[in-house]
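Notes for the one structure printed next.
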Amino acid sequence: MSEKSPRPRQVTMVAWLTMVGSVIVVLLVFDRVSGLHTLETRQSIEKFLAEPPGSDLGLGVDGVLSMIRTLAMVTAGCATAAAILGYQVLRRSRSARLALTVLAVPLFFAGLVTGGFVSSLVAASAAMLWLQPARDWFGDTPRTAPAAPAAPAPPATLVAAAPSAPVAATSSARPTGVTVACVLTWMATGLTTLGLVATGVLLALRPETLLDEVHRQNPELRSEGVSDDLLIGVTFALIAAMVLWCVSAAVLAVLVFRRTEWARIVLVVSAGTAAALSLVGTAIGAFLLALTLVASVATLALLLRPDVRQWFSQRPGQRPPAVPGPPR
């Protein structure tokens, strides 16, 4: 399939459905999170827990609220990443299509917490990218192009008289946006990792500090059977997962700095997910996450600039076609 072939309507529809639907999912998540502590929500959860199958779960109202809040944040992160990948699909990125297909699975299941219909629609639409004519457009079934007729050789006298063709300068200089985005990523991930490690050390040395605060905010945890050891174990697991995410983002920034296209797409998805989660966290009172929100949004905007995309689309060492000089 030629690089100049028009984009199939099927791909355009799926990409826009993914982007618009993901925005709607994020808005639904905000609405769900903001209404978690209302009296109506608590009454509906109590009613659910009073009858099977809710009564067989062994959870209290606060436990269900925590689970819904976690699933809502996962949904918001997946939807943000899907919106970014939908934009990359419009630009004929095969890696974005594959990542969107993989992301459709957690988006479908985690999105059930927001009502399920919009998130399920976004997730199901990814399957259409693997059908014809989208497969041809993405190059899954390459066709052998007919051999172009050989151009006649120029006369020897013309070749001898023609001066050497000037070669245009190669635009291999790294854009400033790439450098700034990588530096922001390294700073944000470094500071976040330090904060997480400090929290882990404090938790290991003085676990009662965290436990007292948790029990102050949720006094019903002990009556619901949530032990202190479980709280500490879950907290350590979350810290380890966040540190791994930060390290992965820092490594991706190194690859982006070295002009790796797939790393740019993955880092864009990571920055978008971090921005969505930081926005949700800031909205529920974690105001320190506003710093990561600003850094993530800036990184996202810089990596999507036209000059940055053009720099990544040109292979290292590739030169523009030479312009022949006039014959003498």
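- Residue Glu261 holds its CD atom at 10.5 Å from CH2 of Trp311, rounded to the nearest 0.5 Å.
- Every side-chain hydrogen bond (donor to acceptor under 3.5 Å, both in side chains) that Thr292 has, sequence neighbours left out, goes to Ser278.
- In this structure Arg91 satisfies the salt bridge (Lys or Arg N to Asp or Glu O under 4.0 Å) test with no other residue, sequence neighbours excluded.
- Taking all atoms of both residues into account, the shortest heavy-atom contact from Gly200 to Phe236 is O-CE2, 3.7 Å.
- Hydrophobic cluster membership is shared by Val26 and Val297, with clusters built from Ile, Leu, Val, Met, Phe, Trp and Tyr side chains linked at under 4.5 angstrom.
- Partners of Trp262 by side-chain hydrogen bond (donor to acceptor under 3.5 Å, both in side chains), not counting sequence neighbours: none found.
- Between the CG atom of Leu100 and the CD atom of Gln88 there is a distance of 11.5 Å, given to the nearest 0.5 Å.
- Remark: side-chain polar atoms of Arg174 are not paired, donor with acceptor, to backbone N or O of Thr179 under 3.5 angstrom.
- Between the CZ atom in Phe312 and the CZ atom in Arg259 there is a gap of 8.0 Å [rounded to 0.5 Å].
- Clustering ILVMFWY residues whenever any of their side-chain heavy atoms sit less than 4.5 angstrom apart, transitively, puts Tyr87 in the very cluster that holds Leu303.
- Partners of Ser125 by side-chain hydrogen bond (donor to acceptor under 3.5 Å, both in side chains), not counting sequence neighbours: none found.
- Both Met13 and Val11 are part of a single hydrophobic cluster, where members link through side-chain heavy atoms under 4.5 Å apart.
- Remark: Ile24 engages Val20, Leu28, Val118 in a side-chain contact (heavy atoms from CB on, under 4.5 Å) (not counting sequence neighbours).
- Partners of Thr12 under the side-chain hydrogen bond (donor to acceptor under 3.5 Å, both in side chains) rule, at least two apart in sequence or in another chain, are Arg7.
- Closest of all the heavy-atom pairs between Thr101 and Trp130 is OG1-NE1, 2.7 Å.
- Contact detail for Leu304 and Arg264: the closest heavy-atom pair is CD2-NH1, 4.2 Å.
- The two residues Ile84 and Gly272 make their nearest non-hydrogen contact at CD1-CA, 3.5 Å.
- In this view, Ala188 and Ala295 satisfy the side-chain contact (heavy atoms from CB on, under 4.5 Å) rule, not counting sequence neighbours.
- Hydrophobic cluster membership for Val197: Val201, Leu205 (Ile, Leu, Val, Met, Phe, Trp, Tyr linked by side-chain heavy atoms under 4.5 Å, directly or transitively).
- Between the OG1 atom in Thr199 and the CG atom in Leu238 there is a gap of 11.5 Å [rounded to 0.5 Å].
- Screening residues 182-206 for salt bridge (Lys or Arg N to Asp or Glu O under 4.0 Å) gives Arg206-Glu208 as the qualifying pairs, with residues at least two apart or on separate chains.
- Atoms CZ and CZ, from Phe138 and Arg92 in turn, are 8.5 Å apart once rounded to the nearest 0.5 Å.
- Following chains of ILVMFWY side-chain contacts shorter than 4.5 Å, one can reach Val256 starting from Val266, so the two form part of one hydrophobic cluster.
- Rounding to the nearest 0.5 angstrom, the gap separating the CD1 atom in Ile265 from the OG1 atom in Thr260 is 11.5 Å.
- Residues Val180, Leu302 make up the rest of the hydrophobic cluster containing Leu184, defined by ILVMFWY side-chain heavy atoms closer than 4.5 Å, directly or through other members.
- Of all the heavy atoms in Gln10 and Pro133, the pair that sits closest is OE1-CD, 3.0 Å.
- Taken together through direct or relayed side-chain contacts under 4.5 Å among Ile, Leu, Val, Met, Phe, Trp and Tyr, Leu191 and Leu196 form parts of separate hydrophobic clusters.
- The two residues Ala275 and Leu293 have their closest heavy-atom pair at O-CD1, 3.3 Å.
- Around CE of Met187, the count of heavy atoms belonging to other residues, nucleotides or ligands within 6.0 Å does not exceed 12.
- The side chain to side chain donor-acceptor pair (under 3.5 Å) pairs that include a residue from residues 16-29 number zero, where partners must be two or more places apart or lie in different chains.
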Which donor-acceptor pairs under 3.5 Å do the side chains of residues 242-255 make with protein atoms, sequence neighbours left out?
unit_1, atom_1, unit_2, atom_2, d
Trp245, NE1, Ser270, OG, 2.9
Ser248, OG, Leu244, O, 2.8

